[in-house]
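Numbers restart at 1 for each chain; the letters A, B, ... are given by sequence-line order, proteins then strands.
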Protein chains: 2
Amino acid sequence: MVTTQVESLFGGDPYHADCPTRRILDRIGDRWTVLVVGILGNGDARFSELRRRIEGISQKMLTQTLRGLERDGLVRRTVHPEVPVRVEYALTDAGRTLLGPLRALQQWSIEHLGDVSAAQAAYDRAD
Amino acid sequence: MVTTQVESLFGGDPYHADCPTRRILDRIGDRWTVLVVGILGNGDARFSELRRRIEGISQKMLTQTLRGLERDGLVRRTVHPEVPVRVEYALTDAGRTLLGPLRALQQWSIEHLGDVSAAQAAYDRAD
DNA sequence: CCGTATCCCCTTTGATACTG
DNA sequence: CAGTATCAAAGGGGATACGG
């Protein structure tokens, strides 16, 4: 039910160093996490598949990102002991709950990125 | 109306280096931007006020964050030529549209951070 | 009061090479 | 195929000092 004190969590007074906002940003604020979650939101995928789909990600960062998500309980890793080995990644139930908020943000991005770019251009032109 | 091709923007195929998801993350993915937006969502604030409310932010980063938001057209900066000078920051209309998606994310954070912490603990205990 | 300018660290990321 | 290990590079971010 989550009926705890939600009063000042977003804009309230004590913007503690460990408020939920900061903790969530520490999770998904990096360069790759939301991209991985976004792709897995469309269906399970293998390591190499993710790597191909996410332009520019290095092997190391993909591994690191996936481990982080697995540790958070948002992604499940399944090893199929074939030859060669096949590893599938999938969102957990918890992971799927992230898709809504993420899509909301992305929708915002799609709708406003034009205005933002225009504002930047104007700002840079001005001075 | 935004009826352009939204097909593969979130989970589609070409996860280009400049897809909206990445560009939005480049905007708000840093450590301070959403915190500043969150506070300004509750009402205008002065520089020193923001600095007091956001625990741990340095003068440099607050300035830098505010400049970025101003450049993006999300925050408006007003200088009152008094002595000493008083500077007020406020969200623009565009800036206010960010509040919804941001609150959604924060709501997610509030609801799931417990589970995430538990998952982390379990993961670390396992090995 | 509200910044800007420097210096410096340290974390994040990428490149590369190597294993089961 | 799916990683791990290591090293080097880049840049975000803090501390401090100074200017309008």
Just N and O in the side chain of [X]: are any of them under 4.0 Å from OP1 or OP2 of [N]?
{"X": "B:Arg51", "N": "C:dG3", "answer": "no"}
{"X": "B:Ser48", "N": "C:dC2", "answer": "yes"}
{"X": "B:Arg46", "N": "C:dC1", "answer": "no"}
{"X": "A:Tyr89", "N": "D:dG3", "answer": "yes"}
{"X": "A:Arg77", "N": "D:dG3", "answer": "yes"}

5'-most by nearest nucleotide on DNA chain D - A:Lys60 or A:Pro84: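 Upstream on the strand: A:Pro84.
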Whole angstrom is fine here: how far is it from [atom1] in [X] over to [atom2] in [N]?
{"X": "A:Asp30", "N": "C:dT12", "atom1": "CG", "atom2": "P", "result": "10 Å"}
{"X": "B:Gln59", "N": "D:dG12", "atom1": "CD", "atom2": "C1'", "result": "18 Å"}
{"X": "A:Met61", "N": "C:dT12", "atom1": "CE", "atom2": "C1'", "result": "7 Å"}
{"X": "A:Leu25", "N": "D:dG13", "atom1": "CG", "atom2": "C1'", "result": "16 Å"}
{"X": "B:Leu62", "N": "C:dC1", "atom1": "CG", "atom2": "P", "result": "14 Å"}
{"X": "B:Glu70", "N": "C:dG3", "atom1": "CD", "atom2": "P", "result": "9 Å"}
{"X": "A:Arg86", "N": "D:dG3", "atom1": "CZ", "atom2": "C1'", "result": "17 Å"}
{"X": "A:Glu55", "N": "C:dG14", "atom1": "CD", "atom2": "P", "result": "13 Å"}

B:Trp32 side-chain proximity, nearest of C:dC2, D:dG14, C:dG14: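 Ranking C:dC2, D:dG14, C:dG14 by closest atom to the B:Trp32 side chain puts D:dG14 first.
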Among C:dG3, D:dT4, D:dT6, the nucleotide that comes nearest once only the side chain of A:Arg67 is considered: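 Nearest to the side chain of A:Arg67 among the choices is D:dT4.
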A:Asp26 and B:Arg31 ion-paired at < 4.0 Å: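 Salt bridge absent between A:Asp26 and B:Arg31.
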Residue pair A:Asp93, A:Arg96: steps toward the side chain to side chain contact (heavy atoms under 4.5 Å, CB included) verdict: CA-CA 5 Å; A:Asp93 290 341; A:Arg96 261 185 296 278; 2.7 Å; yes
5' precedence on DNA chain C between A:Ser58 and B:Val87 (nearest-nucleotide basis): B:Val87
B:Leu66 vs A:Arg31, nearer the 5' end of DNA chain C by closest nucleotide: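 With B:Leu66 and A:Arg31 compared, the 5'-side residue is B:Leu66.
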Whether B:Thr97 side chain and B:Ala94 backbone form a donor-acceptor pair below 3.5 Å: yes
B:Arg46 backbone acceptor or donor facing B:Glu49 side chain under 3.5 Å: yes
A:Leu113-B:Leu69 co-clustered via ILVMFWY side chain contacts under 4.5 Å: no
